[in-house]
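Protein chains get the first letters and strands the later ones, always in sequence-line order, with residue 1 at the start of each.
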There are 2 protein chains.
Amino acid sequence: MMYGDIPALDERPAVSVDIAVFSVRAQDLRVLLVRRAAPPFRGRWALPGGFVRAAESLDDAARRQLQDETDVRDVYLEQLYTFGGPRRDPRGRVISVAYFALVAGNTPAQAAASGDEVAWHPVRSLPELAFDHAEILTYAWQRLRYKLEYTSVGFELLPNEFTLSELQSAYEIVLGEQLDKRNFRRRILESGILAETNRNRAGEGQGRPARLYRYKKDAPTEVKARRLFP
Amino acid sequence: MMYGDIPALDERPAVSVDIAVFSVRAQDLRVLLVRRAAPPFRGRWALPGGFVRAAESLDDAARRQLQDETDVRDVYLEQLYTFGGPRRDPRGRVISVAYFALVAGNTPAQAAASGDEVAWHPVRSLPELAFDHAEILTYAWQRLRYKLEYTSVGFELLPNEFTLSELQSAYEIVLGEQLDKRNFRRRILESGILAETNRNRAGEGQGRPARLYRYKKDAPTEVKARRLFP
DNA sequence: ACAAAAGTGTTTACTATACACCCATGG
DNA sequence: CCATGGGTGTATAGTAAACACTTTTGT
């Protein structure tokens, strides 16, 4: 940033954050939405989010908005992309820094401060969304599939302790594809990012109880990628 | 973005774009910098950039700033990350949307509108930079290495027509690593993203003239990544 | 004819994939 | 004892990596 002085107040855009929070629940990949109580787009579903305050960082703003609006906290949060088209908000110029977040499937969400309606919607069948949030969500979902394949963020979709079958199921739901049980287990275990606990979980119904594992936090979050190109 | 009305003018941050333009020249990976003529950080080198205007998109702002300040145009441009720490600019709250750009090694850069000093600096030996631009550049450089390995953006570092040796050399310079000539050529050609011309280029010195190739624009820019994880 | 860079295949090691049965528990 | 989900190994195919010599041109 080089020239000209800092712009006059009336030439400055407003800056917001919007967060796409994903979670696997009820055998489905879902995203957290809030129904707008105020115009514009009153009554439509939207991503949780809001304006950035003068003294807070963008990450802090995202966490604060998420907690205030949906009572969701302790999420895995990652900046996604900044949407800045000049006409994306009818109230005026609003630049939105979009975030991408993952929470475990057992995380509850509820209307917080505002008392507004909050719900987990299946990403494969969404209502019409406010603003350009459909575009943001498409981008976020693509990023999720992508990151699942070359990093270990997938663990953020599960509680602290989980069985390998639960992990495999989460992967299958997000990727929309069946995986081979033996290959899946071998690769996950060989990667060395899981620690075996000495406890088992008895399943809901019948069957042999499954060993519980946890994710090693100190493990590298990004698998060393072999070169794909050239 | 859900609650509260759009913020009052005096609570809005300024929004800028900053661009890290890379290019391979003189057997070195270089980045385009501008020496600041005005405070803050007068005299220090900085990434080209500036404030976003009321009616332009972020991408448009980046292209405009690049052209105005350095007379560089027709670049490959991609949004990188948004830096929004509350104290990153001593003049007040400035949120910067950083961009990452690539140009061919023969692209000249010169002071444009402002008449300010502009130069290509080797990324492996940089002066102290203004603001948090060192951090932005570190991030951009990492992204460049990364994208070079799983997409075909590398061609943006070369002129329209190039020899396979020039291409290989660009890759080696960015990745900082020698590549095997036969494997390199085989993989690039098998990927089908190059079109052979029927012309050759006689080298500077001696040696057999090399066949010229061009990049097929309609080719997929992203190589289908095999799954890395799990 | 020689220096300098371009161009070209094959062998070997590794990694990914496909695939079927026994085990532990609860009812 | 049977139904349910948990857990395990091997053979084959495909991909990546290592490696050295011949060809074309300018001087």
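- Rounded to a whole Å, the CD atom of E149(B) is 13 Å from the P atom of dA16(D).
- Donor-acceptor pairing under 3.5 Å, judged by distance alone, is absent between the side chain of R182(B) and the base of dA17(D).
- Atom-to-atom, CG of L194(B) to P of dG7(C) comes out at 12 Å; the value is rounded to the nearest Å.
- Among the nucleotides dA3(C), dT8(C), dG6(D), the one closest to the side chain of A210(A) is dG6(D).
- The side chain of N183(B) lies closest to dG9(C) when the candidates are dT25(D), dG7(C), dG9(C).
- A straight line from CD of E166(B) to P of dA6(C) spans 9 Å, rounded to a whole angstrom.
- With S191(A) contributing its side chain and I188(A) its backbone, the two residues share a donor-acceptor pair below 3.5 Å.
- Counting any heavy atom pair closer than 4.0 Å across all strands shown, T163(B) reaches no nucleic acid atom.
- Atom CD of E177(B) is separated from atom C1' of dA16(D) by 14 Å (rounded to the nearest Å).
- In the interface, the side chain of R186(B) is not paired with the base of dA16(D) through any donor and acceptor atom under 3.5 Å apart.
- Considering only side-chain N and O atoms, R187(A) lies under 4.0 angstrom from the phosphate OP1 or OP2 of dT17(C).
- Between E78(B) and K147(B) a salt bridge is recorded (basic side-chain N to carboxylate O distance below 4.0 Å).
- Residues K181(A) and R185(B) both approach DNA chain C. Their nearest nucleotides, taken by heavy-atom distance, put R185(B) toward the 5′ side.
- Listed by first and then second residue, the side-chain hydrogen bond (donor to acceptor under 3.5 Å, both in side chains) pairs that reach into residues 157-167 of chain B are E161(B)-R199(B), E166(B)-R201(B), sequence neighbours excluded.
- Between F162(A) and Y213(A), the distance separating the two ring centers is not shorter than 6.0 angstrom.
- The side chain of S165(A) lies closest to dG6(D), out of dG6(D), dA16(C), dT8(C).
- Atom P of nucleotide dT24(D) and atom CZ of R208(B) are separated by 6 Å, given to the nearest angstrom.
- In the set dA3(D), dA20(D), dG5(D), dA3(D) carries the atom at the smallest distance from any side-chain atom of Q206(A).
- One atom, CG of L179(A), and another, C1' of dA18(C), lie 14 Å apart when rounded to the nearest Å.
- Counting to the nearest Å, the P atom of dA24(C) and the CZ atom of R211(A) are 12 Å from each other.
- For the pairing with E196(A), the salt bridge (charged side-chain N to carboxylate O under 4.0 Å, His left out) check across R214(A), R211(A), R185(A) returns one residue only, R211(A).
- In this structure, E190(B) atom CD and dA16(D) atom P are separated by 9 Å, rounded to whole Å.
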